[in-house]
Amino acid sequence: MRMSENLEPCGAFRSAADRSPALGGFLNAVSRLEAVVDEETEALRARRGRIDLDDFNRRKSLGLLELSRAMRGVERAGHAEIVTRRLGSLRARLDANQAVLRVHMKAAQEISGLLAEAIRESESDGTYSGQVGARG
C-alpha cells in the first residue's frame, strides 16, 4: 500500500459509518490527518524547494485535536475493530513520517554544524590553533 493512498470509509467501513455519525466523524478525521501526514512525508521525500514545516505542524496539531474529539464519540459507539484498524493505518503513516523527519533533521544538524565550524574558522586569527608553524 502506498502511503499517499487516502483510505476513505469504504465497504464495511462505509456502511458502519452510515449507521453511526460518531464513527463517520472519526473516519473522516483519520482520513484528513492521514492526508496531511502523507503530504508532509511526500514533500520531505521529494526535497524540492522550501517546505513549510510550521504549516504542516499546525495542520497536524489541528488534525490531532479533531481526532481526539472524534474519539470521544466513537468510544461510546462500540466500533473497536474498525477504530483499531484505522488507527493502525494512521500509526504506520506517522511512523513513515517520523523516519523521514528524522533524516531531514539530521541533515539540518549536520549542515548547521558545518556552518558553525566555518564561521569559527573564518573569525579565528590562528592564535589559539593547535597547529604550530615550522621554524626556519
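Basis for what follows: all heavy atoms, side chains included, without hydrogens, waters or symmetry-related copies.
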If hydrophobic clusters are built by linking Ile, Leu, Val, Met, Phe, Trp and Tyr wherever their side-chain heavy atoms come under 4.5 Å apart, do [X] and [Y] end up in the same one?
X	Y	value
Leu23	Leu33	yes
Ile51	Leu101	yes
Leu27	Val36	no
Phe26	Leu94	yes
Phe56	Val37	no

Look up atom [atom1] in [X] and atom [atom2] in [Y], then write down how far apart they are to the nearest 0.5 Å.
X	Y	atom1	atom2	answer
Leu87	Leu67	CG	CG	6.5 Å
Asp95	Thr41	CG	OG1	10.5 Å
Arg91	Gln98	CZ	CD	7.5 Å
His104	Leu44	NE2	CG	5.5 Å
Asn57	Ser61	CG	OG	4.5 Å
Arg59	Glu40	CZ	CD	9.0 Å

Step-by-step side-chain contact (heavy atoms from CB on, under 4.5 Å) determination, Asp38 to Asn97
CA-CA 7 Å; Asp38 289 347; Asn97 181 262; over 6 Å; no

Give me the other members of the hydrophobic cluster that Ile119 sits in, counting Ile, Leu, Val, Met, Phe, Trp and Tyr linked by side-chain heavy atoms under 4.5 Å, directly or via other members.
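Ile119 clusters with nothing; isolated.
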
Taking all non-hydrogen atoms of both residues into account, name the closest pair between Val74 and Ala22 and its distance.
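Distance-wise, the nearest heavy atoms are N-CB, 4.0 Å.
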
Is a salt bridge present between Arg45 and Glu42, judged by a nitrogen-to-oxygen distance below 4.0 Å?
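Salt bridge present between Arg45 and Glu42.
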
side-chain contact (heavy atoms from CB on, under 4.5 Å) between Leu64 and Lys60, intermediate numbers included:
CA-CA 6 Å; Leu64 184 57; Lys60 288 190 294 185; over 6 Å; no

Who pairs with Asp52 by side chain to side chain contact (heavy atoms under 4.5 Å, CB included), at least two apart in sequence or on another chain?
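With sequence neighbours excluded, Asp52 shows a side chain to side chain contact (heavy atoms under 4.5 Å, CB included) to Arg50, Asp54, Asp55, given in chain and number order.
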
